[in-house]
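Working notes, structure below.
As a basis for the values below, the full set of heavy atoms in this structure was taken, side chains included, without hydrogen atoms, waters or symmetry mates. Computed from a predicted structure; not experimentally measured.
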Amino acid sequence: MLVLVVNCGSSSIKYQVREVTPEGSEPSPYTSSMPAINENIPLATATAGMAGGQVITRGLIENIGTSEIQDHTQALEILARRLDEELGGRTIDAAGHRVVHGGERFSAPVLVNNEIIRAIERLAPLAPLHNPAHALGLRAIQKTYPGMPQVCVFDTAFHRTMPEKAWRYAVPEQWYELHGMRRYGFHGTSHDFVTGRACEFLGIPREQFNAVVAHLGNGASATAIREGRSYDTSMGYTPLAGLVMGTRSGDLDPSVVTAMLERNPGMSAQDMNRILNNESGLQGICGDSDMRAVEQRADSGDERAQLALDMAAYRLAKYIGGYHVAVGGAQALIFTAGIGENSPGFRALVCDQLGALGVRLDASRNEHPEGNAARISSPDSAVEVLVVATDEERAIAEATAALVWERVKN
């Protein structure tokens, strides 16, 4: 089965086409329709029996709405022409979409119909830069590929298992009831995927697995895994909360925001949102948002770059320590995503602060981890430290194929 994996942004479409095939016996996915509210479906279940490792083609369409590409429908038409050439006459069987925000409604991948698209649109206030674009992409594919099945996989779904004491904010009840102010968490597809891979690597049944996952890219988050599920996570109502990121501040005293608005009457809420999301984090501290550039500058003796690294590593180490307690003692610390997988220096900077937990790195293994899952801790480490490659597109493709396979079968 050929699955088009789509990530629609407000002005871009990132895509892959993957070949997904049944693994051995016939797949038996969890359902072929919308799951019940609060029904947790981990990726291991949603993708059961499917293997989607082969990437046929990939690409990016940019500048939608600010170039000759006027809207997402036109972008999908361009994509369709590209795929006709690149696939040599083969036909796309289904499309799988990464959707940033599923709110409290979506806790698993779902087959798309008009009601699902409307529900995603209704969640736009929670992700105003993302969900409207996802809905546009879904409708554009409906128009470009009439009748082709589509599946949505939600970034927030994995975190629906958090207990209320973890996702609640200590604010007036009406803020939650009327405005949905609570912790949602993000990067869920990645956290779920690497948790499953770590369990396989270590030979631990998922329901017995306690860990901390650090998804470290330009956007970064940590998640506490308790009995194989999300128990707490660093991102909150939006992806701004938590760790120090490339351009995002992470955790901040809310009074900093109100004080700056009071002292600068010309500053709007939109200005503040832009500053905290796009001009803060590593960028705000040292003027660079790319971890590779920051590390190079720090190695050359740049004090601001070293401060940025120290702040980011310290913030993450604090979260790891707290989550170690939250899960009742982590069996593993898992690094993943661009920085987590490719920066031995930053991994060491974090783990050097975790001596109280008994964490010990093997310097050689940390410098050169091998394979898609690698142990980088020393034999005397009290906690396994792993580097596990994430593959959100594969997870989306496999979940899509499993749901579509079930629909076709029935």
Side-chain angles (χ1 to χ4, degrees), residues 1-8 13-23 26-37 39-53 55-56 58 72 76 79-80 83 91-103 105-121 123 130-131 133-158 160 188-190 192-193 196 391-410:
M1 180 183 293
L2 283 187
V3 177
L4 171 63
V5 180
V6 182
N7 185 354
C8 281
I13 296 177
K14 181 182 178 183
Y15 67 90
Q16 281 189 8
V17 176
R18 300 184 79 113
E19 181 83 65
V20 186
T21 56
E23 271 184 332
E26 183 175 297
S28 300
Y30 61 94
T31 182
S32 60
S33 59
M34 184 187 290
I37 293 175
E39 177 186 0
N40 177 249
I41 307 296
L43 284 173
T45 302
T47 63
M50 285 294 179
V55 179
I56 306 300
R58 69 180 78 203
H72 285 70
L76 262 296
L79 173 57
L83 295 182
T91 303
I92 299 292
D93 297 298
H97 296 256
R98 172 182 178 256
V99 177
V100 165
H101 219 304
R105 180 62 188 90
F106 296 105
S107 55
V110 295
L111 278 164
V112 172
N113 54 33
N114 287 327
E115 194 280 325
I116 296 293
I117 298 175
R118 288 193 294 271
I120 291 169
E121 289 173 327
L123 291 168
H130 296 93
N131 274 36
H134 298 324
L136 288 171
L138 288 161
R139 294 193 189 282
I141 284 188
Q142 281 184 329
K143 186 174 181 180
T144 306
Y145 297 97
M148 186 173 75
Q150 300 186 75
V151 169
C152 288
V153 179
F154 298 89
D155 266 9
T156 51
F158 180 57
R160 294 288 287 112
T189 304
S190 175
D192 191 355
F193 182 85
D391 195 341
E392 294 167 281
E393 289 82 7
R394 175 174 181 167
I396 293 169
E398 291 176 349
T400 299
L403 273 176
V404 172
W405 181 284
E406 180 74 0
R407 188 178 83 163
V408 170
K409 185 178 70 176
N410 291 336

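- Closest heavy-atom contact between Y145 and L83: OH-CD1, 3.8 Å.
- Between N7 atom CG and D155 atom CG the span is 8.5 Å, to the nearest 0.5 Å.
- Here R98 contributes atom CZ and K14 contributes atom NZ; the two are 8.5 Å apart, rounded to the nearest 0.5 Å.
- Using a 4.5 Å heavy-atom cutoff, the side chains of D391 and R18 are in contact.
- Counting heavy atoms from C-beta outward, L2 and E19 have side chains that approach closer than 4.5 Å.
- One distance of note links CG of L4 with NE2 of H97; it measures 7.0 Å at 0.5 Å rounding.
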Begin with the C-alpha distance, continue with both residues' side-chain angles, and end with the deciding distance and a verdict on side-chain contact (heavy atoms from CB on, under 4.5 Å) for Q142 and Q150. CA-CA 9 Å; Q142 281 184 329; Q150 300 186 75; 3.5 Å; yes
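- With rounding to the nearest 0.5 angstrom, the CG atom of L123 is 6.0 Å from the CG atom of N131.
- Minimum heavy-atom separation, V5 to A397: CG2-CB, 3.7 Å.
- Taking CZ of R105 as the start and CZ of R160 as the end, the distance is 9.5 Å to the nearest 0.5 Å.
- Nearest heavy atom pair, residue P109 against residue V153, reads CB-CG2, 4.0 Å.
- When all heavy atoms of A108 and A157 are compared, the closest pair comes out as N-CB, 3.9 Å.
- Residues L403 and L111 share a closest heavy-atom pair of CD1-N, 4.0 Å.
- For the pair K143 and L76, the minimum side-chain heavy-atom distance is 4.5 Å or more.
- Note that CG of N113 and CZ of R118 are 7.5 Å apart. Values are rounded to the nearest 0.5 Å.
- Side chains of R139 and N114 form a contact here, defined as non-hydrogen atoms less than 4.5 Å apart.
- With hydrogens and angles ignored, the 3.5 Å screen pairs a side-chain donor or acceptor of T156 with a backbone N or O of G102.
- Judged purely by atom type and a 3.5 angstrom limit, H134 uses its side chain to pair as donor or acceptor with the backbone of C8.
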Derivation of the side-chain contact (heavy atoms from CB on, under 4.5 Å) call for V404 and M1: CA-CA 10 Å; V404 172; M1 180 183 293; 4.0 Å; yes
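- Closest heavy-atom contact between I117 and A135: CG2-CB, 4.1 Å.
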